[in-house]
Amino acid sequence: ETRVSGKAILALCIGVLTLGVAFGRLALGSERDWGIITLLIVGSILSLLFCHLANGEARQSNHTLAGIGAAKVGLWLASLGFVFFILVSPYVYRMHRSAARFRAFDQLKRLGDAIHEYAWEHEGRLPPAAIRNAHGRPLLSWRVLLLPYLGQQELFDQFKLDEPWNSPHNLKLLDRIPDVLKPARGILAEKEDIEGGRTFYQAIVGPGSVFDPRGMTFSDIVNADGGPSTLLLVHGVKAVPWTKPEDISFEPNGPLPQIGEVIHDLTCNREHLILLADVSFRPVPIDHMNDRLLRLLILWNDGQPLPPDW
């Protein structure tokens with residue numbers, strides 16, 4: 001009576017799982033890290049081991065034990081998964097990173113367009129960095145004020161604008177972060193576990209910046225340094241709760257703030273993602289962003305031209 005070798009079935013199952021892990025990680029855009037490689041190597045070795053054991057059992061049973069073909073298929077699948085992951089993962093990861101980078105471009109531009117729409121309805125004035133109460137206490141972020149201009153009027157109507165971002169009512173809305181504010185994870189320069197409801201898109205807030213506490217209009221900017229020379233939004237260093245009035249602080253006479261770095265999709269070099277006041281987008285390599293250039297970009301009325309090769 002012919003029986004099916006259990007070891008052959010194990011070899012096949014391990015091969016299928018190994019191939020599935022390889023393709024699954026590629027679909028997620030995972031890097032070629034040692035953890036995944038080790039897992040695929042272990043899968044291939046186990047599949048080879050059980051294939052060898054099944055072949056030995058078949059010989060001892062005078063070939064009345066079936067399933068050797070299945071064991072060889074499992075070994076082939078495991079080996080295919082390992083080799084395919086090693087060869088293809090750098091290119092697949094680069095494609096995912098490229099898609100994430102273009103998503104970040106689009107998100108920043110949509111936020112810039114929303115700021116301009118807000119200004120159009122408010123006599124040219126930019127939104128304040130924070131919604132404040134009568135005593136000047138910051139309650140909610142400018143990002144909440146943009147909701148009606150991002151197609152999120154229903155969500156905006158649910159906020160209590162006279163309560164802080166972390167009040168029992170408003171805190172319930174934190175997880176309803178709009179897609180335009182969600183992190184583009186594939187380009188992050190540093191690996192981190194990002195909690196829900198957090199965003200990297202921030203303003204630089206302080207005297208002389210576009211989000212000057214005194215309030216600004218786009219006419220002020222156009223008549224001074226101009227929109228193409230003035231910083232509007234950046235990709236920050238750390239993710240912040242999107243409803244919280246937390247951004248990047250700036251003092252004209254103090255040290256310059258840090259802005260976030262992301263990974264370029266092709267060169268793998270690091271760069272800064274910035275949006276200018278005319279809603280033009282600029283990725284700036286980190287070796288081009290010196291202190292002088294950053295200060296010139298932040299200050300809207302310094303009267304100094306930007307370097308021609310920035």
Side-chain angles (χ1 to χ4, degrees), residues 94 97-119 126-127 129 142-143 146 149-150 180-190 199-206 208-212 216 218-240 247-250 252 256-310:
R94 189 171 296 174
R97 195 158 56 198
S98 179
R101 186 168 180 261
F102 279 105
R103 181 187 173 200
F105 291 175
D106 180 67
Q107 289 173 314
L108 277 171
K109 188 178 186 310
R110 287 175 60 194
L111 290 172
D113 288 339
I115 291 175
H116 275 263
E117 288 185 38
Y118 176 96
L126 280 77
W142 57 271
R143 292 174 284 264
L146 291 189
Y149 308 95
L150 294 168
V180 69
L181 292 169
K182 291 180 179 178
R185 295 174 182 267
I187 57 172
L188 299 184
E190 305 295 338
T199 185
F200 281 95
Y201 301 127
Q202 298 164 43
I204 294 181
V205 180
S209 72
V210 165
F211 282 82
D212 191 308
M216 292 287 303
F218 276 110
S219 294
D220 295 331
I221 299 169
V222 170
N223 294 327
D225 290 353
S229 302
T230 306
L231 196 60
L232 184 61
L233 298 175
V234 300
H235 189 284
V237 174
K238 65 174 184 176
V240 299
D247 288 279
I248 301 171
S249 298
F250 169 72
L256 286 169
Q258 287 187 320
I259 60 176
E261 300 174 4
V262 300
I263 300 176
H264 191 283
D265 54 321
L266 297 178
T267 65
C268 295
N269 294 326
R270 298 191 177 198
E271 62 186 3
H272 303 291
L273 301 186
I274 64 174
L275 185 75
L276 301 173
D278 64 345
V279 200
S280 61
F281 183 85
R282 269 311 268 275
V284 183
I286 60 172
D287 56 350
H288 289 188
M289 182 64 83
N290 53 44
D291 288 353
R292 179 176 179 272
L293 175 58
L294 181 57
R295 188 177 296 275
L296 290 175
L297 287 168
I298 293 174
L299 295 173
W300 64 272
N301 194 25
D302 53 39
Q304 300 294 320
L306 295 176
D309 59 346
W310 81 281

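Note that this is a predicted model, so its numbers are computed, not measured. Along the sequence shown, residues are numbered consecutively beginning with 1.
- Counting heavy atoms from C-beta on, the side chains of Met289 and Ile259 come closer than 4.5 Å.
- Shown here is Gln258, whose CD atom has no more than 12 heavy atoms of other residues, nucleotides or ligands within 6.0 Å.
- Using the six-membered ring where Trp is involved, His235 and Phe200 have ring planes that are parallel, under 30° apart on the 30 and 60° scheme.
- Annotation: side chain of Asp247 is not in contact with side chain of Ile204 (no heavy-atom distance under 4.5 Å).
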**Report entry** Verdict with supporting geometry, Asp225 and Leu306, side chain to side chain contact (heavy atoms under 4.5 Å, CB included)
**Finding:** CA-CA 9 Å; Asp225 290 353; Leu306 295 176; over 6 Å; no

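- Here the CD1-CG distance, from Ile298 to Leu232, works out to 12.5 Å after rounding to the nearest 0.5 Å.
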Requested in this report: Could you go through the side chain to side chain contact (heavy atoms under 4.5 Å, CB included) check for Gln107 and Leu181 one step at a time?
Outcome: CA-CA 7 Å; Gln107 289 173 314; Leu181 292 169; over 6 Å; no

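- Contact record, Arg295 with Pro252: NH1-O, 2.7 Å, taken as the closest heavy-atom pair.
- With Val210 as reference, Ile221 is the one residue of Leu231, Ile115, Leu299, Ile221 to meet the side chain to side chain contact (heavy atoms under 4.5 Å, CB included) rule.
- Here the straight-line distance linking atom CD of Glu271 with atom CG of Asp287 works out to 11.0 Å at 0.5 Å rounding.
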Report task. Could you walk me through whether Leu273 and Phe105 pass side chain to side chain contact (heavy atoms under 4.5 Å, CB included), step by step? Result -> CA-CA 8 Å; Leu273 301 186; Phe105 291 175; 4.1 Å; yes

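- Ser209 contributes a side-chain N or O that, together with a main-chain N or O of Gly206, makes up a donor-acceptor pair within less than 3.5 Å.
- A 4.5 Å side-chain heavy-atom check between Leu297 and Leu276 finds at least one atom pair inside the cut-off.
- In this structure, Trp142 and Val205 have side chains that are not in contact, with every pair of non-hydrogen atoms separated by 4.5 Å or more.
- Listed here is the closest heavy atom pair of Pro305 and Leu296: O-CD1, 3.7 Å.
- His272 approaches Ile286 most closely through the heavy-atom pair NE2-CG2, 3.5 Å.
- Side-chain contact between Asn301 and Thr230 is absent, with no heavy atoms from C-beta onward closer than 4.5 Å.
- Of all heavy-atom pairs spanning Gln202 and Ile248, the tightest one is OE1-CG1, 3.4 Å.
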Query - side-chain hydrogen bond (donor to acceptor under 3.5 Å, both in side chains) evaluation trace for Asp212 with Trp300 - result: CA-CA 10 Å; Asp212 191 308; Trp300 64 272; 4.6 Å; no

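- The heavy-atom pair separating Phe281 from Ala104 by the smallest distance is CE1-O, 4.5 Å.
- Pro307 has its side chain out of reach of His288: every pair of non-hydrogen atoms, C-beta onward, lies at least 4.5 Å apart.
- Taking all atoms of both residues into account, the shortest heavy-atom contact from Phe250 to Pro257 is CD1-CD, 3.9 Å.
- Remark: Ile274 CD1 to Leu108 CG distance equals 10.0 Å, nearest 0.5 Å.
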